[in-house]
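A short write-up of the structure that comes next.
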Amino acid sequence: DCSTLKPSHTRSSKASRWRAGKALGTLDGIPVSIKDLYGVRGFPVFAGSPKRLPSAWERQGPVVTAVTGQMSVVMGKTHTVEFAYGGLGVNPHWGAPVNPWDAKEHRAPGGSSSGAGVSLNEGSALVALGSDTGGSVRVPAALTGCVGLKTTYGRWPLDGIVPLSPSLDTAGILTRTVADAAFAFTAIEARLEGQPLTSIVYPTVTPRPVNSLRLAVTKNYFWDRCSPDIAKIVEVISKGAAQSWQMVNRGKTMVEDKFEFGFAVDWMRKDLRICAETGKAIGAALPNRVDHESIIAEPPAVAPVPPRG
């Protein structure tokens, strides 16, 4: 799943500090995979396209620097849907990573961070950097049984990441457990904010009783155009889950609810915005690229994000 290209740069100064017993960060030695939208020093960027993007796209941004600056081990770049535009995880140029939950059939891993969850399950990484515009961290996390954390828009900088929809893009992480997600998020956030190691407070994750949760099953919108066979399978699973839920929670039932029409309208508006901004972003980045034959040398400036607060 991860590319086998080796970074050309060295980390001699960091390695010498490590040998001297000086801590470089709490991600020191942690294997990390990075989605092939991120610029990583010494690695090419394809963004899921068949042709390598210009070297300007390989400039490393703050999020990757926050990870590599702690002497984490970059295991490689992971697959992405072409220019991150898609949720299944398929790619006509590079193929789709195999969802590790089925050893017999090649099942979709979810996208667009299609290799992120796979890298965690196959054991090549403990933390995976992804990006999320309309679900590209959350979908592969769900399909591969991992934990996906989409950060709030504007919380982490987007510099050094190939854009899809600049007003919706966010950087994010995937991990195997909630505790790992809390740990990795805190470690990266602290480095982005310039906190000294001695001042970082890591959250304690405690299990939450299942009977304190409330689950809802939608009855409209998502089912309006769903294939009958898919709908039937999900219905059977939902009924089985509801029975188990009642047993665990002393007779409590799942809540069936309908999404208001306004939700559907907002969702469609978001899709339209992504389509419009994707065309604009790729057009600005690669205006001369026709059938993948020619590309320009410089990426566009990243759209400013709102200040934290």
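Listed here is the closest heavy atom pair of V32 and S72: CG2-CB, 3.9 Å. Nearest heavy atoms, V64 versus G39: CG2-O, 3.7 Å. Taking each heavy atom of S136 and K35 in turn, the nearest pair found is CB-NZ, 4.1 Å. In terms of heavy-atom proximity, V137 sits nearest to G130 at CG2-C, 3.9 Å. Of all the heavy atoms in L174 and A116, the pair that sits closest is CD1-CB, 3.8 Å.
Counting heavy atoms from C-beta outward, M71 and L27 have side chains that stay 4.5 Å or more apart. Between D36 and W94 the shortest side-chain heavy-atom distance does not fall below 4.5 Å. In this structure, V118 and T78 have side chains that are not in contact, with every pair of non-hydrogen atoms separated by 4.5 Å or more. The shortest distance between side-chain heavy atoms of P62 and L192 falls below 4.5 Å.
To the nearest 0.5 Å, atoms CD1 (I30) and OG1 (T175) are separated by 11.5 Å. With rounding to the nearest 0.5 Å, the separation of CG in L143 from CG in N99 is 6.5 Å.
The stretch residues 157-191 participates, sequence neighbours left out, in these ring pair (Phe, Tyr, Trp, His ring centres under 6.0 Å) pairs: W156-F185, F183-Y202.
Of the possible polar contacts, one joining the K77 side chain to the P44 backbone as a donor-acceptor pair under 3.5 Å is found. In this structure, the side chain of T151 engages the main chain of A171 through a donor-acceptor pair within 3.5 Å.
N121 pairs by the side chain to side chain contact (heavy atoms under 4.5 Å, CB included) definition with P100, W101, T144, C146, not counting sequence neighbours.
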Full working for side-chain contact (heavy atoms from CB on, under 4.5 Å) between T80 and N91: CA-CA 8 Å; T80 176; N91 187 307; 5.6 Å; no

